[in-house]
Number of protein chains: 2
Amino acid sequence: MSENTRSYAALRPSAVSSLAGELRLACMRISRRVRYESTDSIAPHQFSVMCRLEESPRSPGELAEIERVSAPSMTRTVGGLVERGWVERAPHPTDKRQVVVTLTDDARKALKDTRRKRDAWMAVRVSNLDPEEQAILLRASEILTKVANE
Amino acid sequence: MSENTRSYAALRPSAVSSLAGELRLACMRISRRVRYESTDSIAPHQFSVMCRLEESPRSPGELAEIERVSAPSMTRTVGGLVERGWVERAPHPTDKRQVVVTLTDDARKALKDTRRKRDAWMAVRVSNLDPEEQAILLRASEILTKVANE
DNA sequence: TATTGTTATACTCTATAACTATA
DNA sequence: TATAGTTATAGAGTATAACAATA
């Protein structure tokens, strides 16, 4: 019998509940530690908006909806990003009411740098784990990603 | 050969780096989803302080240091908790400069309720996973907790 | 008349500096 | 003189309401 065909018993409800609590806490602790250790200069809400713009330019309205903040808040956030030279506002090609917000090359560099720093903290911890623990986390990260995207 | 004696190869540096990035992102996504889905009435900073006080009463200074915020910020946070009836300020038995902040019974109930709601989202997701995936997450939560507490 | 974005204003959480009481 | 906590004040980020420009 190889590991791939081994059968596992499903967890009982009480065990599911306990695991859910522990797992949730563990993820929150990791998030907090990563954020604290990274000491990056991009504020969380700015970072989040910049990530959205990495894929494609968007209007302030779209950004507000995606980030679930009010339109005036997004106006302010975009304004701050413009001041720092990380995004640019341009008129919409056809609808003159709309504005198109685009990421600058400087912003792409800043994002890359920030991610590198955030990953560094985690990379050190992961590299200090046993190979077996690393293997488990490899599978767990896939499962957690799937769960978060549900 | 059982799983317990199976040997795993250590990840190469590039794989460690990749795993670290994926794992960090997965934890942050889970945190965000949990926070978004729980819609609880306790603000994050209040919740965090209340958790610290669950173990034992503490002074505002201690709380400020643990939470890594300024003393005036903690004064304000504690003030808000007092207003909501979740903590009480009492004079220190020997040092009259100090204040002892204690959690009320109402707060303990509110904490329990909030945790139950937060766990609920995660519990539903966990119960829908394969038994094998549940087993992996069980081990992963232990490892992640260890990493976060390092 | 509806939609997009901005401005006006206010509330919360954060910080630093100055102040009070006590050690 | 140093320490614990608070108050004073200001800087972000958030929200709702009101407004201007355009569809």
Side-chain angles (χ1 to χ4, degrees), chain A residues 28 31-32 35-36 38-53 56-103 110 114, chain B residues 31-32 35-36 38-53 56-103 114:
Chain A
M28 292 180 77
S31 287
R32 210 179 304 138
R35 190 168 304 164
Y36 179 75
S38 71
T39 66
D40 48 54
S41 57
I42 309 179
H45 64 295
Q46 292 183 325
F47 186 77
S48 192
V49 166
M50 285 164 71
C51 289
R52 303 297 186 178
L53 293 174
S56 71
R58 291 177 192 280
S59 70
E62 276 181 291
L63 290 170
E65 194 181 351
I66 294 170
E67 295 293 311
R68 298 177 206 271
V69 295
S70 66
S73 284
M74 191 48 68
T75 293
R76 194 184 170 83
T77 299
V78 169
L81 289 172
V82 168
E83 271 184 31
R84 296 195 63 164
W86 281 337
V87 306
E88 281 165 358
R89 273 192 258 237
H92 190 277
T94 57
D95 187 338
K96 288 188 179 176
R97 293 173 307 178
Q98 288 194 49
V99 169
V100 178
V101 184
T102 315
L103 211 61
T114 297
Chain B
S31 288
R32 212 178 303 138
R35 188 167 306 162
Y36 180 72
S38 72
T39 64
D40 47 55
S41 59
I42 309 179
H45 64 293
Q46 291 183 325
F47 185 79
S48 190
V49 165
M50 286 164 71
C51 289
R52 303 297 186 177
L53 293 174
S56 72
R58 293 177 190 280
S59 70
E62 276 181 292
L63 290 171
E65 195 182 350
I66 293 171
E67 295 293 311
R68 300 177 205 271
V69 295
S70 65
S73 283
M74 191 47 68
T75 292
R76 192 181 172 84
T77 298
V78 169
L81 289 172
V82 168
E83 273 184 29
R84 295 196 63 164
W86 282 337
V87 305
E88 281 166 358
R89 274 190 256 237
H92 190 277
T94 58
D95 186 340
K96 289 187 179 175
R97 293 172 307 178
Q98 288 194 49
V99 169
V100 179
V101 184
T102 314
L103 211 60
T114 296

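Keep in mind the model is a prediction, meaning the values are calculated, not measured. Letters A, B, ... are given to chains in the order of the sequence lines, protein chains preceding strands, and every chain is numbered from 1.
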- Given axes from five pairs at either end, by how many degrees does the helix from C/dT1-D/dA23 to C/dA23-D/dT1 bend, rounded to 10°? 20°

- Please figure out whether B/G61 or A/T77 has its closest DNA chain D nucleotide nearer the 5' end. B/G61

- In whole angstroms, how far is the P atom of D/dA12 from the CG atom of A/L81? 14 Å

- Item | Heavy-atom side-chain proximity of B/V49 to B/Q46 below 4.5 angstrom | no

- 5' to 3' contact window, DNA chain C with chain B (heavy-atom distance under 4.0 Å): C/dC13 to C/dA23

- Task: Rounded to the nearest angstrom, tell me the gap between atom NZ in A/K96 and atom C1' in D/dT22.
- Result: 9 Å

- Item | Gap between atoms CD and C1', on B/Q98 and D/dA2 respectively (whole Å) | 13 Å

- Query: Between D/dA23, D/dG13, D/dG5, which nucleotide gets closest to the side-chain atoms of A/H45?
  - Reply: D/dG13

- Hey, what do you get for CZ (B/R76) to OG (B/S70), rounding to the nearest 0.5 Å? 11.0 Å

- Task: Answer yes or no: does atom CD of A/Q98 have more than 12 heavy-atom neighbours from other residues, nucleotides or ligands under 6.0 Å?
- Result: yes

- Task: Without swapping roles, check the side chain of A/S48 against the backbone of A/P44 for a donor-acceptor pair under 3.5 Å.
- Result: no

- What's the CG-P distance between B/L63 and D/dG5, to the nearest Å? 9 Å

- Message: Going by salt bridge (charged side-chain N to carboxylate O under 4.0 Å, His left out), name the residues that satisfy it together with A/E62, two or more places apart in sequence or in a different chain.
- Response: A/R58

- Item | Euclidean distance, B/I66 CD1 relative to B/R52 CZ, rounded to 0.5 Å | 5.5 Å

- Item | Point-to-point distance, once rounded to the nearest 0.5 Å, from CG of B/L103 to CD of B/E88 | 9.5 Å

- Query: So how far is it from A/H45 NE2 to A/S73 OG, rounded to the nearest 0.5 Å?
  - Reply: 8.5 Å

- When all nucleic acid strands are considered with a 4.0 Å heavy-atom cut-off, which category describes B/P72: base, sugar-phosphate, or nothing? base

- Message: Nearest to the A/V69 side chain among D/dA15, D/dA2, D/dT6, which nucleotide is it?
- Response: D/dA15

- Message: For a quick test of reading the model: is some side-chain N or O of A/S73 closer than 4.0 Å to OP1 or OP2 of D/dA15?
- Response: yes

- Note: for A/R76 and B/A71 on DNA chain D, the residue whose nearest nucleotide lies more 5' is B/A71

- Message: Both A/T75 and B/M74 contact DNA chain C. Which one's nearest nucleotide lies toward the 5' end?
- Response: A/T75

- Message: I need the A/L53 CG to A/L81 CG distance, nearest 0.5 Å.
- Response: 8.0 Å

